[in-house]
Visitor: 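One structure coming up, written as structure tokens, with questions to follow.
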Amino acid sequence: MDISTLSLARAQFVASLSFLALFLAVSLALAWVLLFFKIRARWSGHGGWTAAYRFWVRIFALAFVLTLAASVPVLIQIGSLWAGLMDKIGNVAGPLLGYGILSAFILKSCFLGVMLFGQRRVSDGAHTLAVLMVAVGQLVAVFWVLALQSWMQTPDGALLVDGRYQVYDWTAVVLNPSVGWRMAVVVVGAALAASFLMMGVTALQALRRPLGDGERSAFKTALVVAVVASCLQLPVATGAGQMVAKLQPAKAAAAAGFWESGAEPQLVLFGWPDARNHTNLADVTLHNMGGMWLHRNPDGTYQGLDKYSGMLPPVALTFWSLRVAAGLGLLMLAVACVTFLWTFRRGLDPSTLPRWWQRVVCGMMFSGGIAVVAGWWVSVIGLQPFAVNGTITQSEILGSVSSSTVLYGMAGYGVLYALLLAAFAGMLFHAARYGVVPVRKLGGGAP
């Protein structure tokens, strides 16, 4: 087998998963933000909340469509790049994917048309119910996808018999040891991605013109969500990190840059992992603070990468993906808290911020999305060389494709994703420039 084919297949699949994860996070969080806008509009009767809904429902619809578009290449690549995967885990993956698709159609797609096009045609209560069902459907569909992805990280409830997994406990499969922490990570990441997108867009609008009530309402909501989600990062990351250390020690050691098993290591803040010499170049460390992120052997020593000779994940990519996600998380926490404190006595109005800080907030527009992608890289790349942790390797399930075919496919997908990202950014900035006209009177016939 040509090792370059495997490497290219990994790169193509990770790129497709990254694109899907980005827009899945944005659409998940925006669905619940839109529900909040609808409820506030009904309770207060203030047109600003309706204007905020009317603006951001456009962005949600665009993100939702891109999520559906991104899921197609992932499903295609599962059948082409990883042709042997479903033969081995189909008994587990088939029902979970089926539940996800069923949830999407019943709880989401059936109400999506009403949410997007029915505001003038149904009562406001019915329209709010439709928004609620779309938000719930989005969350349920994400849960089923995460249940499968988490099971592949920490398989439980099924046994590998004659090369195929056979389920003996569906509860253990669905509620596998990592699904809870991974769901928490995804929800917090989605909240940060959507809130900083909203704050950045509103800051951009504030730089160009006076803001309307809808834009101020959207900024207030986004800022509160950003502060809460930023503060939740630490406990969620700590819990998820300790879970990985316990159940995926190779990934934990790669993320920590810990090469040789032994006493409690230093916490490597920065450096360049050198896989050839099993060391970190130009590292910056904190003394004896890395133990909480690593697995301990029965004799009390910490387990390093030397225990996984020949089965190492891509250490440098795992190591740096974690630091990109963590660094952006700290930066988002600082920006969210400073912005909140700066505007707290002024009604959380972005117009009261200095123009230079408005530019800072605008520059953070896509920081949450980048952090989401980096977090997925830690999860997916850190699992390599396995497809199912500890049992099935990616080399076992690689399809009969040539490296040139995979390379051409990766180039094609790369162009497609670049065009879709450019189109999303272009439509986002176009909508931000013109906004919406506030609605003064709330009702089922609101325009």
Visitor: Checking the side chain of Asn280 only, and the main-chain atoms of Val268 only, is there a donor and an acceptor separated by less than 3.5 Å?
Guide: no

Visitor: Does the Gln12 side chain pair with the main chain of Ala9, one donor and one acceptor, at a distance under 3.5 Å?
Guide: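 Here the side-chain-to-backbone pair does not exist.
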
Visitor: Measure centre to centre between the rings of Phe111 and His127, then say whether the value is under 6.0 Å.
Guide: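 Not close enough - the centres of the two rings lie 6.0 Å or further apart.
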
Visitor: I need the full list of ring pair (Phe, Tyr, Trp, His ring centres under 6.0 Å) pairs touching residues 233-259, with sequence neighbours left out, sorted by first then second residue.
Guide: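 Listed by first then second residue: Trp259-His278.
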
Visitor: Phe19 and Tyr413: aromatic ring centres closer than 6.0 Å?
Guide: no

Visitor: Please report the closest heavy-atom contact between Ala253 and Gln303, naming both atoms and the distance.
Guide: CB-O, 4.0 Å

Visitor: Mind telling me whether Trp357 and Trp342 have parallel, tilted or perpendicular rings, with 30° and 60° as the class edges?
Guide: tilted

Visitor: Looking at the rings of Phe319 and Trp272, which for Trp means the six-membered one, are their centres under 6.0 Å apart?
Guide: no

Visitor: Are the charged groups of Asp124 and Lys38 less than 4.0 angstrom apart, N to O?
Guide: yes

Visitor: Evaluate Val361 against Thr202 for side chain to side chain contact (heavy atoms under 4.5 Å, CB included), listing each step before the verdict.
Guide: CA-CA 9 Å; Val361 176; Thr202 310; over 6 Å; no

Visitor: Measure up the Tyr99 and Trp144 rings against each other and bin them: parallel (under 30°), tilted (30 to 60°), perpendicular (over 60°).
Guide: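 Tilted, since the angle between the ring planes falls between 30° and 60°.
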
Visitor: Just grab all the side chain to side chain donor-acceptor pair (under 3.5 Å) pairs involving residues 368-386, residues at least two apart or on different chains.
Guide: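 Residue pairs passing side chain to side chain donor-acceptor pair (under 3.5 Å), neighbours aside: Ser18-Trp377, Gln149-Ser379, Gln153-Ser379, Arg182-Ser379.
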
Visitor: Quick check against the 3.5 Å criterion: does Asn176 have a side-chain atom that pairs as donor or acceptor with the backbone of Val173?
Guide: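 Yes, the answer is positive, given that a donor and an acceptor are paired below the 3.5 Å cut-off.
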
Visitor: Is the centre of the Trp151 ring less than 6.0 Å from the centre of the Tyr165 ring?
Guide: yes

Visitor: Whether the side chain of Gln166 engages the backbone of Leu159 through a donor-acceptor N/O pair (distance < 3.5 Å, no angle test) should be reported.
Guide: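 Not confirmed, Gln166 side chain does not pair with Leu159 backbone.
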
Visitor: Using the rule side chain to side chain donor-acceptor pair (under 3.5 Å), only one of Asn297, Asp306, Thr301 pairs with Ser261; which is it?
Guide: Asp306

